[in-house]
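This is the structure I have questions about; it appears just below.
Whatever order the structure lists ligands and atoms in, that order sets their numbers, starting from 1.
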Amino acid sequence: MCGIIGYTGDGRRQAAPILLRGLERLEYRGYDSAGLAIQTDRGLVTRKLAGRVGGLRSSVERLPLPGACGIAHTRWATHGAPTTCNAHPHVDCDERFALVHNGIIENADVLRAALERAGHTFRTETDTETLVHLIEDSPGDTLEVRVISALEHVVGTYGIAVMSADEPGKIVVARQGSPVLLGIGDDEYFVASDASAILEHTRSVVHLDDGDIAVLTTDGYHVIDRESHVQLREVNDVTWDLEAIELNGYAHFMQKEIAEQPETVRSTLRGRLMFEEGLARLNGLNLSPEDCAAIQHITIVGCGTSWHAGLVGRHIIEALAQIPVSVEYASEYRYRRQVTRPGTLVVAISQSGETADTLEAMRAARAAGSRVVGLVNVVGSTIAREADGGIYLHAGPEIGVASTKAFTSQIVALALLGLYLSSHHGLPLAERQELARRLSQLPGLVARTLELEPQVRVLAEHFAQAPNALYLGRGVNFPVALEGALKLKEISYIHAEGYPAAEMKHGPIALIDANMPVVFVAPADEVYSKVVSNMQEVRARGGRIIAITPEGNGDLGTLADHQLRIPATAPLLSSILSVIPLQLLAYHVAVLRGCDVDRPRNLAKSVTVE
Ligand code: AGP
């Protein structure tokens, strides 16, 4: 999952500064190496290196690359180690073509062997380099014709931008499976993996579909298909502000996004609660009352944190709408032989809306005859555009690789979905009105929960050097235990596991000793007393206990070494509050360990490859 950007303009502005700034904004997509290519008076000049975009910027500032047209890339390595040599852009044998790519070429080995037999010399270990040699090898008097004929041989996913030394000012773009959009400026045109890279230049974007080829020149742009037929694509306006992708005084985007949650939860709820009727207004779902009544089963698909939100959603939807819900890892679901029951609704949860496994799981479900809806944060993303309907989170851009505000908004959106379906499946009005009232209180309760930060910072000092950690919870808070463990793993590199508290006795209890911090998520709900028994089992083996428990709960006394008290709310909604201290704990532990919180090693924000 790399980030690509391209720029061509009428010469009023230099391409390099625009590309470098854009790469810095795309760095959350991949950050192990970077590069750019500029059309200069001396032809195509490429500059690339291993490491962060900052290093590339210094290199270009030392040795500028003048020119008004260029392409650039920040990498998350899939094929070939993250070295300067393997960094993008890649060029052909005579350096007449330069190309950047996001995706995976699955038949690269076969293509490479054929191209080497045909006399091409490869310089790198990457799958991507085959594309530029293919273009070099392809017939055609224009770059777009060459690109189209080259792509006929390619199997895989790609978002690419290509330049030719023979056609100054032209950039050809192609999309198959990886997100790519165009930016339309005043006599200047952009291509990027997402809008954050170009927002400071234009709000007008064109989302490309799979199979599209776009041609950008200094005179304008057009989109064609593989038969060179012109395709009309809508120009959309990006609604969020640049400020949303600035740190605004915070040390890290993760810290900022955790702190934003009172507002982002409010934003997910805005205009969607109907208190009198005890209902949710979710027009984007495109589900008529008849459709809702006909739903017999719900399958939720997602990955990582989104999968955890799905697990919470199961509890909420089953309780509110009495509809059986199954939650699937998208990567497993997509390859399993689909046994679809009539009346199945598939819900694809994805912050980015671009996660390849979730997208393909959604496509597989649709192919098997199910209706699919998306629960997505990024407006205009592929899952959002391909689903039959959906719910936007409106949580604003999430830049920190470790997902935080999207998780709480995903759970709020799932509660709204449960409320939306509940009236068609018999939940009494009073219960629906009560839940609507409780939902509306959440922004304030989230704000109060964030006041725990000073306590959490102190707590983090106790655990920053722990080699392992165990997170335990029950019911709607078992997924919160999973999420807490994931956050710690992702950004502090401490090995952590989340488990259903009762499962601990069936194995993990063997890990318990005085060095093992055990985090219990114990809100006041129907399984609270069971969680307390599990705490006693850990205490009996000398484990160190952190308990996330509601205000005013006096009876943990000496059982827990540390207690973080969260405000009380409806048990079904408690996970939205109980996860926040866990987000903060992971954040402060990672800061204390000197980790790169927003760019954790080996990770990327949007996993657009399998
Ligand atoms: C979460 O912190 C991770 N970044 C990761 O697990 C993420 O949730 C997963 O890749 C799914 O992403 P999505 O919601 O954008 O589809």
Any donor-acceptor N or O pair under 3.5 Å, side chains Ser606, Glu354 | no
Heavy atom of the protein closest to atom 6 (O) of ligand 1 (residue, atom name, distance) = Gly304 CA, 3.3 Å
Could you tell me the residue and atom name of the protein heavy atom closest to atom 10 (O) of ligand 1, and the distance to it rounded to 0.1 Å?
-> Val607 CG2, 3.9 Å
NZ or CZ of Arg75 within 45° of Tyr31 ring axis and under 6.0 Å | no
Can you check whether Gln410 has an N/O within less than 3.5 Å of an N/O in ligand 1?
-> no
Among all protein non-hydrogen atoms, which one is nearest to atom 8 (O) of ligand 1, and what is the separation to 0.1 Å?
-> Thr305 N, 3.0 Å
Report the nearest protein non-hydrogen atom to atom 4 (N) of ligand 1: residue, atom name, distance rounded to 0.1 Å.
-> Val401 O, 2.8 Å
Angle class for the His201/Phe190 ring planes (parallel below 30°, perpendicular above 60°, tilted otherwise)?
-> parallel
Go through the steps to decide whether Leu439 and Leu416 satisfy the test side chain to side chain contact (heavy atoms under 4.5 Å, CB included), and finish with yes or no.
-> CA-CA 9 Å; Leu439 279 166; Leu416 289 169; 4.3 Å; yes
Structural part of Glu490 in contact with ligand 1, heavy atom criterion under 4.0 angstrom = side chain
What do you reckon, is OH of Tyr420 surrounded by more than 12 foreign heavy atoms closer than 6.0 Å?
-> yes
Using non-hydrogen atoms of the residue, decide whether Cys303 is closer than 4.0 angstrom to ligand 1.
-> yes
